[in-house]
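Inspection log for the structure reproduced underneath, given as structure tokens.
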Protein chains: 2
Amino acid sequence: MEEHSALDLLGALAQETRLRMVRYLVHCGEAGAPAGEIAREVEASSSRAAFHLAALERAGAVTSMRRSRQIVYRADLEGLGALISFLLNDCCDGHPDILACCAPRR
Amino acid sequence: MEEHSALDLLGALAQETRLRMVRYLVHCGEAGAPAGEIAREVEASSSRAAFHLAALERAGAVTSMRRSRQIVYRADLEGLGALISFLLNDCCDGHPDILACCAPRR
DNA sequence: TCCATATCTCAATATCTCTTGAAATGTTGA
DNA sequence: TCAACATTTCAAGAGATATTGAGATATGGA
């Protein structure tokens with residue numbers, strides 16, 4: 001992952017509403033969730049939700065796909081994984097102290 | 001790590017000059033580097049460097065310590081590790097596809 | 001004490017980002 | 001074809017963030 005992509009993705013996640021959206025979508029898994037449900041989950045108006053979902057999609061944190069009347073969003077695990085790998089390996093140089101934190105929790 | 005700390009750290013890293021500073025400091029290791037050297041490395045004026053270094057320190061990405069006339073900065077591996085762990089475990093729920101990316105490169 | 005060095009702080013400005021509400025778009029079922 | 005629904009787009013305003021250059025602060029050596 002290139003630096004500018006990592007910067008876009010970091011910027012996308014560095015916002016409360018958007019971070020919550022991503023967490024929710026990761027939790028929803030393969031099924032994803034339609035925009036309206038996401039908006040309700042994070043307590044945002046439809047236009048605010050659309051604004052933030054568009055930012056997440058542009059940055060590569062989520063993907064979208066129309067399903068009849070709704071637009072279903074899913075977490076982009078490839079993109080998110082690439083960012084974490086960038087932070088871990090490129091940015092932090094695979095430092096052992098930091099790698100240690102990646103062990104499955106507890 | 002709490003959500004608001006993660007947001008602060010993500011925001012701190014989501015900026016080209018600051019991301020480069022962190023990468024350089026990780027590379028410098030225990031020895032760290034004085035502000036002037038960091039400024040030269042990222043091609044920033046002293047006031048611009050001070051502004052960004054202060055932001056990184058506030059967010060917990062670097063630490064600082066005066067050494068005679070200079071102020072030496074170091075990457076805060078604990079803070080950076082906590083962020084990566086947050087992304088991996090809290091935010092992405094330790095998803096196997098994402099955990100896979102944490103194996104030492106290649 | 002005085003000077004040079006290293007860094008930080010401040011104010012002004014420019015730019016980006018977020019929120020809001022209204023209006024537009026696209027989809028489905030009657 | 002029309003009405004209801006789901007979502008996006010747009011413009012305006014408020015607020016946050018980044019850059020610049022000048023000046024302030026702190027340290028060490030002559």
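Keep in mind that this is a model prediction, so the values were computed, not measured. Chain letters run A, B, ... following the sequence lines, proteins first, then strands; residues in each count from 1.
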I'd like a table of donor-acceptor pairs (distance under 3.5 Å, sequence neighbours excluded) in which one partner is a side-chain atom from residues 9-16 of chain B, with atom names and distances.
from, atom 1, to, atom 2, distance (Å)
B:Gln15, OE1, B:Thr17, N, 2.8
B:Gln15, OE1, B:Arg18, N, 3.1
B:Glu16, OE2, B:Arg20, NH1, 3.0
B:Glu16, OE2, B:Arg20, NH2, 2.9

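As rounded to whole Å, 17 Å separates atom P of D:dT17 from atom CG of B:Leu53. Rounded to an integer number of Å, the gap from CD of B:Glu57 to C1' of C:dT7 is 13 Å. Between the CG atom of A:Leu56 and the C1' atom of D:dT8 there is a distance of 15 Å, rounded to whole Å. In this structure, A:Tyr73 places its OH atom 11 Å from C1' of D:dA6, rounding to the nearest Å. Nucleotide D:dA4 holds its C1' atom 14 Å from the CD atom of A:Gln70, rounded to whole Å. For the pair A:Met65 CE and D:dT8 P, the interatomic distance rounds to 15 Å; values are reported in whole Å. The CG-P distance, from B:Leu13 to D:dT17, rounds to 15 Å in whole Å. A straight line from CG of A:Leu19 to P of C:dT17 spans 18 Å, rounded to a whole angstrom.
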Quiz item: Can you give one letter per nucleotide of nucleotides 19-29 of chain D, going 5' to 3': B for a protein heavy atom under 4.0 Å from the base, S for sugar-phosphate only, - for none?
Solution: BBBB----BS-

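Neither A:Val72 nor A:Leu77 shares a network with the other; the hydrophobic side chains, linked directly or stepwise wherever heavy atoms of I, L, V, M, F, W or Y lie under 4.5 Å apart, form separate groups for each. When the side chains of ILVMFWY residues are joined at heavy-atom separations under 4.5 Å, either directly or via intervening members, B:Leu7 and A:Phe51 end up in two distinct hydrophobic clusters.
At most 12 non-hydrogen atoms from other residues, nucleotides or ligands lie less than 6.0 angstrom from CD of B:Glu78.
Within residues 32-40 of chain B, no residue approaches DNA chain D, by heavy-atom distance under 4.0 Å.
With rounding to the nearest 0.5 Å, the separation of OG in A:Ser47 from NE2 in A:His52 is 9.0 Å. Note: A:Asp8 CG to A:Arg58 CZ = 9.0 Å, rounded to the nearest 0.5 Å.
Judged purely by distance below 3.5 Å, without hydrogens or angles, the side chains of B:Tyr24 and B:Glu37 pair a donor atom with an acceptor atom.
Nearest heavy atoms, B:Ile71 versus B:Ser64: CG2-CB, 4.0 Å.
A:Arg74 contributes a side-chain N or O that, together with a main-chain N or O of A:Glu30, makes up a donor-acceptor pair within less than 3.5 Å.
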